[in-house]
Protein chains: 2
Amino acid sequence: MDFKDVMDILKAKGYKVTEQRRAIIQSIFKENRYVSAKEILYEVQHRFPGLSFDTIYRNLSILSELELVEEIQFNGEAKYKMSCTEKHHHHLVCTNCGKIIVLPECPMKLLKDFVGDFQVTGHRFEIYGLCKDCQE
Amino acid sequence: MDFKDVMDILKAKGYKVTEQRRAIIQSIFKENRYVSAKEILYEVQHRFPGLSFDTIYRNLSILSELELVEEIQFNGEAKYKMSCTEKHHHHLVCTNCGKIIVLPECPMKLLKDFVGDFQVTGHRFEIYGLCKDCQE
DNA sequence: ATACATGCAAACAATTTGCATATTA
DNA sequence: TAATATGCAAATTGTTTGCATGTAT
């Protein structure tokens with residue numbers, strides 16, 4: 001899944017291709033890590049000085065609805081990256097810069113038998129740390 | 001670790017034992033699940049009609065600092081439960097009422113070899129679902 | 001032309017802070 | 001009495017919404 005695929009999905013759903021939308025999505029794609037609305041704004045404002053948070057949030061909300069982005073909370077602030085479409089997997093996440101590394105195993109296999117009478121709707125597994133560059 | 005232990009730790013750190021603090025901490029203890037600041041307020045306001053969010057947040061912040069509570073984010077809202085002191089473990093969490101069940105395995109054992117040059121500071125593993133009572 | 005997008009300003013909700021007063025040790 | 005806590009009000013931060021205008025189809 002690349003930039004063009006995402007835009008095609010949006011088009012197919014009736015959403016329009018605007019300069020701002022392209023810039024926002026490209027900006028998220030460019031980083032292989034989780035970015036906040038604020039980081040996206042700073043990035044995109046170079047080209048679109050008038051661009052504001054509403055537009056970013058509205059676009060993030062559409063992308064989220066269509067599951068085209070993955071969302072994570074870092075102390076009360078949401079950060080986003082484009083969804084991976086490879087098979088189900090988990091991440092090692094740098095808590096400083098948001099950088100991610102894909103983990104090779106899903107731990108759910110260990111736990112199939114322990115959910116009791118819960119109706120499982122999802123799970124989250126993330127390892128946090130500092131990447132090489134952020135270890136100062 | 002019970003209520004008295006927590007109060008003793010606070011006392012030892014120079015924090016004072018007030019009626020409100022006791023009520024807040026007791027209210028979190030009483031529920032074996034994650035509760036929000038709002039839920040704590042509603043609970044405790046019966047006995048302390050004047051009690052306000054600032055006091056709850058200030059207390060949660062102290063408890064968090066001392067790692068006496070565990071925190072989780074449910075769509076932008078923080079929820080808390082008293083820390084478990086048993087050995088390291090993970091939870092099955094009901095996304096509707098915050099109820100938790102302790103899981104018997106930590107998946108980190110599967111993944112020791114894959115962290116590369118990350119300096120690991122922590123990990124999170126949670127299974128989400130609906131508990132029996134919330135499946136309507 | 002019509003529907004969807006944007007930008008502005010204003011609204012919101014969760015959380016935090018300054019300050020005067022009250023309470024604990 | 002000295003240090004910490006509380007309550008109030010107001011500020012802050014992240015996010016959302018109403019509305020008029022602009023732009024893509």
Side-chain angles (χ1 to χ4, degrees), chain A residues 4 6-28 34-66 68-69 71-80 98, chain B residues 4 6-28 34-66 68-69 71-80 98:
Chain A
K4 184 170 178 315
V6 168
M7 297 316 289
D8 286 347
I9 291 171
L10 289 175
K11 248 183 283 188
K13 294 278 178 186
Y15 296 107
K16 298 181 175 170
V17 177
T18 65
E19 291 292 315
Q20 292 91 330
R21 175 162 292 156
R22 288 173 58 86
I24 289 167
I25 294 172
Q26 257 165 350
S27 153
I28 306 174
Y34 284 95
V35 291
S36 63
K38 207 184 300 182
E39 289 174 298
I40 297 170
L41 183 73
Y42 290 160
E43 239 282 327
V44 179
Q45 261 187 345
H46 293 151
R47 263 175 297 161
F48 296 90
L51 192 121
S52 55
F53 277 114
D54 349 304
T55 300
I56 290 174
Y57 282 116
R58 272 190 275 238
N59 275 286
L60 285 173
S61 152
I62 290 168
L63 293 168
S64 209
E65 191 102 340
L66 300 177
L68 295 170
V69 289
E71 189 178 338
I72 204 180
Q73 296 277 338
F74 275 107
N75 25 266
E77 197 188 35
K79 298 199 174 192
Y80 304 83
Chain B
K4 185 170 177 315
V6 168
M7 297 316 289
D8 286 347
I9 291 170
L10 289 175
K11 249 183 280 189
K13 295 277 178 185
Y15 296 106
K16 299 182 174 170
V17 177
T18 65
E19 292 290 318
Q20 292 90 329
R21 175 162 293 158
R22 288 174 58 85
I24 289 167
I25 294 172
Q26 257 164 348
S27 153
I28 307 174
Y34 284 95
V35 291
S36 63
K38 207 184 302 181
E39 288 174 300
I40 297 169
L41 183 73
Y42 291 160
E43 238 282 328
V44 179
Q45 261 187 345
H46 293 152
R47 262 174 298 161
F48 297 89
L51 193 122
S52 54
F53 276 115
D54 350 303
T55 300
I56 290 175
Y57 281 117
R58 273 190 275 238
N59 276 285
L60 285 173
S61 152
I62 290 168
L63 293 168
S64 208
E65 192 102 339
L66 300 177
L68 295 171
V69 288
E71 189 178 339
I72 204 180
Q73 296 277 339
F74 276 106
N75 25 268
E77 196 188 34
K79 298 199 172 193
Y80 305 83

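Letters A, B, ... are given to chains in the order of the sequence lines, protein chains preceding strands, and every chain is numbered from 1.
Listed nucleotides: dA14(C), dT17(C), dA5(C). Nearest to the side chain of Y57(B): dA14(C). Comparing atom distances between the K38(A) side chain and each of dG14(D), dG7(D), dT15(D) picks out dG14(D) as nearest. Of the candidates dC8(C), dT15(D), dG7(D), dC8(C) carries the atom nearest the R58(A) side chain, counting heavy atoms from C-beta on. Looking at the side chain of K16(A), the nearest of the listed nucleotides dT25(D), dT15(D), dT15(C) is dT25(D). When distances are taken from the side chain of T18(A) to each of dT6(C), dA25(C), dT6(D), the shortest belongs to dT6(C). Side chain of R21(A), nearest nucleotide from dT25(D), dA25(C), dA5(C): dA5(C). Residue E77(B) places its side chain closer to dA14(C) than to any other of dT6(C), dA14(C), dC19(C).
Rounding to whole angstrom units, NZ of residue K13(B) and P of dA25(C) are separated by 18 Å. Atom-to-atom, CD of E71(B) to P of dT15(C) comes out at 8 Å; the value is rounded to the nearest Å. For L51(A) and dG22(D), the CG to C1' distance is 14 Å, given to the nearest whole Å. In this structure, CD of Q73(B) is placed 11 Å from P of dT15(D), rounded to the nearest angstrom. Taking atom CG on L60(B) and atom C1' on dA5(D), their separation rounds to 15 Å, with Å as the unit. Residue Y80(B) contributes atom OH, which lies 9 Å from atom C1' of dT15(C) at whole-angstrom precision. Atom pair F53(B):CZ and dA9(D):P shows a separation of 15 Å (rounding to whole Å applied). Distance R22(B) CZ to dA25(C) P: 10 Å, rounded to the nearest Å.
Between K79(B) and T55(A), the residue whose closest nucleotide on DNA chain C is further toward the 5' end is T55(A). Nearest-nucleotide mapping onto DNA chain C: of S52(A) and Y15(B), the residue sitting toward the 5' end is S52(A).
No side-chain heavy atom of I56(B) sits less than 4.5 Å from a side-chain heavy atom of V44(B). At least one side-chain heavy atom of L60(A) sits less than 4.5 Å from a side-chain heavy atom of I28(A). Taking 4.5 Å as the limit, every side-chain heavy atom of L68(B) sits out of range of all side-chain heavy atoms of I25(B).
Pairing each heavy atom of K79(B) with each of F74(B), the nearest pair is CD-CD1, 3.3 Å.
A donor-acceptor pair under 3.5 Å links the side-chain atoms of E39(A) to the main chain of S36(A), judged by distance alone. Without hydrogens or angle criteria, R21(B) side chain to K16(B) main chain gives a donor-acceptor distance under 3.5 Å. A donor-acceptor pair is defined here as one N or O able to donate and one able to accept, closer than 3.5 Å; no such pair exists between the side chain of E71(A) and the backbone of A78(A).
Under 4.0 angstrom from either OP1 or OP2 of dG7(D) there lies at least one side-chain N or O belonging to Q20(B).
Applying the 6.0 Å contact sphere to OH of Y42(A) captures no more than 12 heavy atoms from other residues, nucleotides or ligands.
DNA chain D lies under 4.0 Å from no heavy atom of any residue of residues 39-47 of chain A.
For a distance-only test at 3.5 Å, the side chain of D54(A) fails to qualify as a donor-acceptor partner of the base of dA5(C).
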